[in-house]
There are 2 protein chains.
Amino acid sequence: MKDITQKLVGLLKSGYCTPQIARIAKKLQEPSTTLHYNIKKLEKEKAVLAYKAVFDYKKIDEGFCTYCLISLAPDEYGNPERIGKLLAQFNEVESVDICTGDWELVLKVRVKDQDAYYHFVKNIVPRKGIIKIISLVSFKQMKTEFVTLE
Amino acid sequence: MKDITQKLVGLLKSGYCTPQIARIAKKLQEPSTTLHYNIKKLEKEKAVLAYKAVFDYKKIDEGFCTYCLISLAPDEYGNPERIGKLLAQFNEVESVDICTGDWELVLKVRVKDQDAYYHFVKNIVPRKGIIKIISLVSFKQMKTEFVTLE
DNA sequence: AAAGATAATTGAATATTATTCGAAAATTAA
DNA sequence: TTAATTTTCGAATAATATTCAATTATCTTT
């Protein structure tokens with residue numbers, strides 16, 4: 001049997017979706033052509049970056065979620081974006097922010113379990129420029145990507 | 001003129017989208033009916049919570065983003081979910097996690113600017129049960145919701 | 001204020017796309 | 001091995017997005 005699921009999840013995680021114009025039109029009581037026009041405008045302005053799926057990550061083997069607070073070496077202060085860009089490339093990384101304060105980078109990371117996270121931190125993160133990492137492990141996700149769980 | 005944009009953004013932020021089966025079918029070189037079946041299966045299993053838009057938040061007046069680390073009072077340790085649930089209800093809150101360590105709650109918050117954030121923290125967060133809040137302000141978002149910026 | 005330019009709204013027609021259905025193949029259970 | 005269940009997939013249909021052209025509204029310039 002083909003296992004399409006993995007590929008499917010991979011695509012839907014960051015794209016390959018589209019707005020439901022007819023449903024929105026009904027909801028807002030406006031002609032669908034008007035909504036079509038307004039949606040295309042948002043897209044043209046690049047206010048919309050993507051249309052995507054939000055998952056119950058436990059069910060797609062990404063149940064272990066952490067916030068990763070990263071301190072950079074002083075010689076990296078100049079361009080935290082270098083390391084940020086590097087970390088953004090990993091599929092396990094949901095978000096990368098360059099922040100104020102003691103931790104110059106904040107990541108949100110999703111992996112299968114603690115072992116996978118250990119592997120992530122051990123092999124992937126300790127690149128030169130990173131001085132210290134604090135991991136805040138999520139026990140329970142109550143809201144994600146503006147979507148409330150349960 | 002109707003200002004549909006606000007309502008539109010509100011809906012697309014957490015739903016009212018759908019997968020593009022034909023496009024996925026072409027990409028994966030599979031019949032669209034097979035993909036349809038597999039997508040419906042994911043939905044039935046509730047592995048998919050929603051289909052939604054990801055925005056360039058600067059362009060929809062939510063350019064100010066922070067991570068909010070919250071310490072709870074000892075008498076709230078028993079059910080951090082009470083406060084979590086409460087905070088999850090705000091539109092400004094992208095995510096709520098119950099975490100290990102010094103901060104029992106971690107929020108991701110999006111508002112227009114620093115003033116709006118001050119208002120959020122001042123009026124909304126200081127509910128009984130919350131002892132301390134640390135705000136990590138994002139200077140630059142390099143990746144959000146699995147979508148890379150730029 | 002007026003005139004012209006630009007942007008937004010909308011219905012009708014068309015093009016795409018999702019969905020249903022049924023049959024066959026594959027997998028799993030007994 | 002057989003029976004039950006799940007998955008694949010083509011053909012037909014239903015639903016939806018998109019294009020187009022005309023009208024209305026808004027903004028700009030004088």
Side-chain angles (χ1 to χ4, degrees), chain A residues 1-63 91 112-113 144-147, chain B residues 1-63 91 112-113 144-147:
Chain A
M1 193 128 307
K2 311 176 176 180
D3 196 9
I4 291 174
T5 314
Q6 299 307 314
K7 292 177 191 169
L8 196 49
V9 167
L11 293 182
L12 293 176
K13 202 192 268 185
S14 60
Y16 287 90
C17 295
T18 194
Q20 293 180 291
I21 298 182
R23 195 152 82 90
I24 297 170
K26 190 170 288 175
K27 172 83 173 179
L28 299 184
Q29 297 280 23
E30 299 285 351
S32 68
T33 46
T34 301
L35 286 165
H36 182 267
Y37 175 85
N38 278 278
I39 288 171
K40 290 304 156 193
K41 194 164 74 101
L42 281 173
E43 292 173 4
K44 235 170 262 161
E45 292 164 352
K46 309 225 173 175
V48 175
L49 298 176
Y51 302 104
K52 57 154 287 184
V54 176
F55 293 97
D56 183 339
Y57 293 95
K58 290 188 298 284
K59 295 192 178 155
I60 58 164
D61 276 345
E62 299 186 21
N91 291 328
K112 188 180 179 188
D113 52 29
T144 317
E145 297 153 85
F146 292 108
V147 176
Chain B
M1 193 126 312
K2 310 176 174 181
D3 196 8
I4 290 174
T5 314
Q6 300 308 314
K7 292 176 190 171
L8 197 48
V9 168
L11 293 182
L12 293 176
K13 201 191 270 184
S14 58
Y16 287 89
C17 295
T18 193
Q20 293 180 292
I21 297 181
R23 196 152 82 90
I24 296 169
K26 191 170 288 173
K27 173 82 173 179
L28 299 184
Q29 298 280 24
E30 299 285 350
S32 68
T33 46
T34 300
L35 286 164
H36 182 267
Y37 175 84
N38 279 277
I39 288 171
K40 290 305 155 191
K41 193 164 75 104
L42 282 174
E43 293 174 3
K44 234 169 264 161
E45 292 164 351
K46 311 227 173 171
V48 176
L49 298 176
Y51 301 105
K52 56 155 287 180
V54 176
F55 294 96
D56 184 339
Y57 293 95
K58 290 189 299 284
K59 297 192 177 153
I60 57 164
D61 276 345
E62 300 186 20
N91 291 328
K112 187 180 179 187
D113 52 29
T144 317
E145 297 152 86
F146 292 108
V147 177

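Lettering of chains follows the sequences in order, A, B, ..., and the numbering in each one begins at 1.
Listed for the B:K40 side chain is no donor-acceptor partner under 3.5 Å among the backbone atoms of B:L35. Side-chain atoms of B:K52 come within 3.5 Å of backbone N or O of A:E145 as a donor-acceptor pair.
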Discussion item. Base contacts versus sugar-phosphate-only contacts with protein, heavy atoms under 4.0 Å: please encode nucleotides 17-23 of chain D as B, S and - from 5' to 3'.
Written reply: SSB----

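Protein atom NZ of B:K44 is 10 Å distant from nucleotide atom P of D:dT7, rounded to whole Å. In this structure, A:E30 atom CD and C:dG11 atom P are separated by 10 Å, rounded to whole Å. Rounded to whole Å, the distance from CD on A:Q29 to P on C:dT10 is 12 Å. For B:L35 and D:dT7, the CG to C1' distance is 12 Å, given to the nearest whole Å. Rounding to whole angstrom units, CD1 of residue B:I4 and P of C:dT10 are separated by 7 Å. Spacing between atom NZ of A:K41 and atom P of C:dT6 amounts to 17 Å, rounded to whole angstrom units. When the P atom of C:dA24 is taken as reference, atom OH of B:Y37 falls 18 Å away, rounded to whole Å. Atom-to-atom, CD1 of B:I39 to P of C:dT20 comes out at 13 Å; the value is rounded to the nearest Å.
Look at B:N38 and you'll find a side-chain N or O under 4.0 angstrom from OP1 or OP2 of D:dT8.
Here A:K58 pairs with A:D56 under the salt bridge (charged side-chain N to carboxylate O under 4.0 Å, His left out) rule; sequence neighbours left out.
Counting non-hydrogen atoms of neighbouring residues, nucleotides and ligands closer than 6.0 angstrom, the NZ atom of B:K112 reaches no more than 12 such neighbours.
B:Y51 approaches B:T18 most closely through the heavy-atom pair CB-N, 3.8 Å.
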Could you pull out every donor-acceptor pair under 3.5 Å between side chains of residues 7-17 of chain A and any protein atom, sequence neighbours left out?
| unit_1 | atom_1 | unit_2 | atom_2 | d |
| --- | --- | --- | --- | --- |
| A:K13 | NZ | A:E62 | OE1 | 3.4 |
| A:K13 | NZ | A:E62 | OE2 | 2.7 |

